[in-house]
There are 2 protein chains.
Amino acid sequence: MSLAKMKRTTIKDLAEMLHISASTVSRALKDHPDISSSVKRRVKEAAETFNYVPNDFAINFRKKSSKVIGLIVPAISMFFIPSIIKGISSVLNKEGYHFFILSSEDSYEAELENIQTCINSRVDGILISLTKETKDFKHFQKIDEMEIPVVIFDKIIPQDIYDSVVFDNEKNAELSAEKLIQQGCQKILAIFGDESLEITQTRKTSFLKKINTSPEIQYKTIFCESPEIVKEQLEVILEQESFDGFFAMSDETLAGLHSCLIKRNLNNTNIKVVAISEGKLPKYLDESYEYEINDGYQMGIIAASRLLIIIHKNNDDQSRSLPKTQYI
Amino acid sequence: MSLAKMKRTTIKDLAEMLHISASTVSRALKDHPDISSSVKRRVKEAAETFNYVPNDFAINFRKKSSKVIGLIVPAISMFFIPSIIKGISSVLNKEGYHFFILSSEDSYEAELENIQTCINSRVDGILISLTKETKDFKHFQKIDEMEIPVVIFDKIIPQDIYDSVVFDNEKNAELSAEKLIQQGCQKILAIFGDESLEITQTRKTSFLKKINTSPEIQYKTIFCESPEIVKEQLEVILEQESFDGFFAMSDETLAGLHSCLIKRNLNNTNIKVVAISEGKLPKYLDESYEYEINDGYQMGIIAASRLLIIIHKNNDDQSRSLPKTQYI
DNA sequence: TTGAAAGCGATACCAA
DNA sequence: TTGGTATCGCTTTCAA
């Protein structure tokens, strides 16, 4: 028997010791108005003395609620994820919820498994950001059948069945383009993330639309799945061409861009770097970089709050007021 | 009633439908050798058809084990934490364990609360990295009383009661110093983290001991709790003095140092930067930075594995082979 | 090879 | 104001 399984004081133990019933102990412990104050006092003393700790398992089991949320992310990276975790924590912990983190390692298969894991663990809800391989919601079938509340955030595929929270990618990409234009950049390199992601396409479309309003500006676009690939590609490109403006659609692409600029000693020249960022990284890389903020902490807060609303909402509810897809 | 609480198929349901007993269903489901293959087939078919999902809660409740680990960290940052999480995940998920993350927000009070939360949640074990405020183990009393397996990692205070996993800070600091000496640096600025942390003191002592073997080298040391404070302090210092070598004891301090060097256009000069790092960040900042690796992923793996060993070990075990404090 | 029954810890209903 | 009892879903003896 493992150490953790050692016997702990239970309500029944307390009841026997005090020669009263378990029901009375249970009620005394939670200050039920029916119970006399003298009994309450005795019970609480005993609980204290014998290190009574309520067994959340038994409680949740009885109440058929786990107070646990499953957080499924496409990958665990230093970009974005820590902020998301902080945001989600701040909401859930306050409400007595916990959450598991499951990483899909950029694989649809793993995402499916993670969903199954959540179901097996009887989570009360799921917060999920989709992998780049995820193109449909077939694997959400089980979630539907089990009627598990779910909120999709950040990496989504457009639909209006599930509640979603996303950044206003169009706006941020447009504002970024605007900044480069205002700076008078003539030749821009725009670096995007994985081409198969919805957020990439949205940012690309919006960015280019804005750039194209200034026909005199030349630009080039590349798609890179990681900072390392950004570096690889830039090594080649910057050998042949030069640019006076750079756009990075994320912290990841910005990281790759930065190390490349450093290597070629291009920082502190008159080039302009604009990015969409979670907010922390640019300050560490180079304070002269400008960026539009995609606040991961905020998104965590909003996604988690929204999930809790769904969880606590009755079936016969007063129709939802929020749009299925929420932009922040 | 929340959606998540909808009725799910249970073993009893299956038993009634098939006109057999619950025990038989339970055994059939887990391929118990006693059960005839025909019954197994029928049971499994029915389980499939009616979307039977074993209730992990009931199972854990019965077995008195939660299969949940509590991970308590001093703070959730983009440095180190993501790697730790990945390492821990890779070990625990494989073994059917989950974990929740609790952040102590650099506060002893919060750390105490987090420990209590773990106890209430009946975790099977605790992985903890201590806050800078933590100077003793008074708040571990409950852990002791409940006999909950615990492994302390990275941020520790020296003791030999609890199992601990730490980096070989002495070695890494010494190697870093060696690198700067070998490069012929004459004037070094050494940047350390929070002065009250054991890892800071160990790294400082070891670094300086090595540096002092070359009496001709001048050096200055500073202590900074965050990248932002590094930047603040460096702004002042670099205004008055210049250095040809820098040591950063962590990714956090390195981040602050880097942005300062960039701002003052000191990169790509003949200064030398050496750090102790989790391994990812220096590549994004500046590939010319050298570093000793403190591999967070590896530490996560080792700490989690060690915890599982404790959890599964019998009370009457064959005395431990590992030292209480393990260096990696 | 299968079934009946007890029990994990807490709660809530019904009686008293 | 208190006690007795059934119950949540599953596992595990003990019997048959």
Side-chain angles (χ1 to χ4, degrees), chain A residues 1-2 4-44 46-47 50-67 96 119-122 124 146, chain B residues 1-2 4-44 46-47 50-67 96 119-122 124 146:
Chain A
M1 191 180 71
S2 100
K5 296 180 192 170
M6 299 286 305
K7 181 148 178 58
R8 259 103 143 169
T9 310
T10 69
I11 282 193
K12 203 190 283 179
D13 295 335
L14 256 29
E16 280 174 13
M17 295 167 36
L18 299 172
H19 305 295
I20 56 180
S21 77
S23 349
T24 305
V25 174
S26 172
R27 281 181 285 228
L29 249 15
K30 47 174 62 61
D31 272 324
H32 190 107
D34 279 358
I35 305 296
S36 70
S37 50
S38 70
V39 171
K40 277 183 191 168
R41 198 177 31 70
R42 286 175 55 223
V43 168
K44 284 178 182 173
F50 296 97
N51 266 314
Y52 169 74
V53 176
N55 187 332
D56 283 354
F57 267 135
I59 297 172
N60 292 333
F61 176 44
R62 178 122 221 287
K63 298 217 170 130
K64 286 170 173 267
S65 123
S66 59
K67 289 278 191 177
I119 293 173
N120 290 336
S121 305
R122 289 293 208 275
D124 284 350
M146 299 290 170
Chain B
M1 189 181 71
S2 100
K5 296 181 191 170
M6 300 286 305
K7 181 151 179 54
R8 261 102 143 168
T9 310
T10 70
I11 283 192
K12 204 191 282 179
D13 295 335
L14 256 27
E16 281 173 12
M17 294 167 33
L18 298 172
H19 304 294
I20 57 180
S21 78
S23 356
T24 305
V25 174
S26 171
R27 283 181 283 230
L29 249 14
K30 50 175 58 62
D31 272 325
H32 190 106
D34 278 359
I35 305 297
S36 70
S37 49
S38 69
V39 170
K40 277 183 190 167
R41 199 175 32 70
R42 286 176 54 222
V43 169
K44 284 178 183 173
F50 295 96
N51 266 315
Y52 169 74
V53 176
N55 186 333
D56 283 354
F57 267 139
I59 296 171
N60 292 333
F61 176 43
R62 178 85 225 265
K63 298 214 172 135
K64 288 169 171 263
S65 125
S66 60
K67 289 279 191 176
I119 293 173
N120 290 337
S121 305
R122 290 292 209 276
D124 284 351
M146 300 288 170

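The structure displayed is predicted, hence computed values, not measured ones. Just so it is clear: chains get the letters A, B, ... in the order the sequence lines come, proteins before strands, and each one is counted from 1.
- When atom types are taken as modelled, the side chain of A:Arg122 and the backbone of A:Phe61 share no donor-acceptor pair closer than 3.5 angstrom.
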Do B:Thr9 and B:Val53 pass the side chain to side chain contact (heavy atoms under 4.5 Å, CB included) test, and can you show the C-alpha distance, the side-chain angles, and the key distance before you say yes or no? CA-CA 7 Å; B:Thr9 310; B:Val53 176; over 6 Å; no
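- B:Lys40 places a side-chain N or O within 3.5 Å of a backbone atom of B:His32 that can act as its donor or acceptor partner.
- The side chain of B:Ser36 has C:dT1 as its nearest neighbour among D:dT2, C:dT1, C:dG9.
- In the model, A:Asn60 has no side-chain atom that pairs as donor or acceptor with a side-chain atom of A:Ser66 under 3.5 Å.
- The side chain of A:Asn55 lies closest to C:dA10, out of D:dT2, C:dA4, C:dA10.
- Note: NZ (B:Lys63) to P (D:dC8) measures 21 Å, nearest angstrom.
- Atom CZ in A:Phe57 sits about 16 Å away from atom P in D:dG9, given to the nearest Å.
- A:Leu14 places its CG atom 13 Å from the P atom of C:dG9, with the value rounded to the nearest Å.
- Looking only at distances, a side-chain donor or acceptor of A:Asp124 sits under 3.5 Å from a matching main-chain atom of A:Lys67.
- In terms of polar N and O atoms assigned as donor or acceptor, the side chain of B:Arg8 never comes within less than 3.5 Å of the base of D:dG9 in a complementary pairing.
- When rounded to the nearest whole Å, the span between CD1 of A:Ile20 and C1' of D:dG3 equals 10 Å.
- The nearest whole Å value for the distance from the NE2 atom in B:His32 to the C1' atom in C:dG3 is 13 Å.
- Here A:Leu29 contributes atom CG and A:Thr24 contributes atom OG1; the two are 11.5 Å apart, rounded to the nearest 0.5 Å.
- As a whole-Å value, the separation of A:Asn60 CG from D:dT7 C1' is 16 Å.
- Five base pairs at each end of the helix from C:dT1-D:dA16 to C:dA16-D:dT1 define two local axes, and these are offset by 50° (rounded to 10°).
- Regarding contacts with the backbone of D:dG9, every side-chain N or O of B:Thr10 stays at 4.0 angstrom or more from both OP1 and OP2.
- A donor-acceptor contact under 3.5 Å is formed by the side chain of B:Ser23 with the base of C:dA4.
- Closest to the side chain of A:Ile11, out of D:dC10, C:dA10, C:dT2, is C:dA10.
- Heavy atoms of A:Asp34 sit under 4.0 angstrom from at least one base atom.
- In this pair, B:Phe61 does not lay its aromatic ring on the base of D:dC10; centres under 5.5 Å and planes under 30 degrees do not both hold.
- Among the protein residues, A:Lys40 comes within range of no part of the nucleic acid, since none of its heavy atoms lies under 4.0 Å from any strand.
- Distance CD1/B:Ile11 to OG/B:Ser26: 4.5 Å, rounded to 0.5 Å.
- Along DNA chain C, the nucleotide nearest B:His19 and the nucleotide nearest B:Arg122 are compared for position; the residue whose nucleotide lies closer to the 5' end is B:His19.
- A straight line from CD1 of A:Ile59 to P of C:dC8 spans 17 Å, rounded to a whole angstrom.
- For D:dT7, the base has a donor-acceptor partner in the side chain of A:Arg62 [N/O atoms by modelled type, under 3.5 angstrom].
- A sub-4.0 Å separation between OP1 or OP2 of C:dA12 and a side-chain N or O of A:Ser26 is absent.
- Of the candidates D:dC10, D:dC8, C:dC13, D:dC8 carries the atom nearest the B:Lys12 side chain, counting heavy atoms from C-beta on.
- Between A:Thr24 and D:dT2, a side-chain N or O to OP1/OP2 separation shorter than 4.0 Å is absent.
- Judged by closest nucleotide on DNA chain C, B:Ile35 is the one of A:Ala22 and B:Ile35 placed further toward the 5' end.
- Side-chain N/O atoms of B:Lys64 include none lying less than 4.0 angstrom from OP1 or OP2 on C:dG7.
- A salt bridge does not link A:Asp56 to A:Lys63: none of the charged nitrogens lies less than 4.0 Å from a carboxylate oxygen.
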